[in-house]
Amino acid sequence: MAFEDTFKAMSDPVRRQILTMLKGGMMSAGDIASKFDMTGATVSYHLSVLKKAGLIYEKKKKNFIYYGLNVSIVEEMMLWLADLKGDGKDE
């Protein structure tokens, strides 16, 4: 995993909000876009950044694209951060 892509993706509040929304389950691009006051192209850009970072995945069903949270990347990141924090015994 490229942590720089992950941290870049998570640095934007809109993208963090999208991740929080996807925590509840898969959503179509249109459903995600309806929650924001921005163009569809801007939402598409945010989804692209999240997908590039591996934080979300997409599934195509008929004429719709649905996005879901890739929890394995989130878990990997949490494990890395927990390891970085350590248990405090080294100090």
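Quick note: residue numbers are just sequence positions, from 1.
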Please test E58 against K60 for side-chain contact (heavy atoms from CB on, under 4.5 Å), starting from the C-alpha separation and ending with a verdict. CA-CA 7 Å; E58 67 180 28; K60 296 181 182 181; 3.7 Å; yes
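- For residues 49-80, the set of pairs meeting the ring pair (Phe, Tyr, Trp, His ring centres under 6.0 Å) definition, not counting sequence neighbours, comprises F3-W80.
- Annotation for M38 and T42: closest pair SD-CG2, 3.6 Å, computed over non-hydrogen atoms.
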Determine whether H46 and F36 satisfy the following criterion, side-chain contact (heavy atoms from CB on, under 4.5 Å), listing intermediate values before the conclusion. CA-CA 12 Å; H46 286 298; F36 298 98; over 6 Å; no
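- Here the shortest heavy-atom pairing between D12 and V14 reads OD1-N, 2.8 Å.
- The line from CE of M21 to CE of M26 is 13.0 Å long, rounded to the nearest 0.5 Å.
- For M78, the side-chain contact (heavy atoms from CB on, under 4.5 Å) partners two or more places apart in sequence, or in a different chain, are V74.
- When all heavy atoms are compared, the tightest approach of L50 to A9 is CD2-CB, 4.0 Å.
- By the side-chain contact (heavy atoms from CB on, under 4.5 Å) test, S11 is found to be paired with R15, residues two or more places apart in sequence or in another chain being considered.
- Inter-residue side-chain proximity for K35 and Q17 is flagged as unmet; no heavy-atom pair is nearer than 4.5 Å.
- The distance from atom CD of E76 to atom CG of N70, rounded to the nearest 0.5 Å, is 9.5 Å.
- Minimum heavy-atom separation, M10 to R16: O-NH1, 2.9 Å.
- Two different hydrophobic clusters hold L79 and L19 under the rule that ILVMFWY side chains link at heavy-atom gaps under 4.5 Å.
- Between L47 and A29, the shortest heavy-atom contact is CD1-CB, 4.3 Å.
- Connection of I73 to V49 is not established within any shared hydrophobic cluster, with ILVMFWY side chains joined at heavy-atom distances below 4.5 Å, either directly or through further cluster members.
- S44 contributes no side-chain N or O that, together with a main-chain N or O of G40, makes up a donor-acceptor pair within less than 3.5 Å.
- Rounding to the nearest 0.5 Å gives a distance of 12.0 Å between OG of S28 and CG of N63.
- For the pair L55 and L69, the tightest heavy-atom approach, listed with the atom from each and the gap, is O-CD1, 3.6 Å.
- Hydrophobic clustering keeps Y45 apart from V43 (ILVMFWY residues linked when any side-chain heavy atoms are closer than 4.5 Å, directly or through intermediates).
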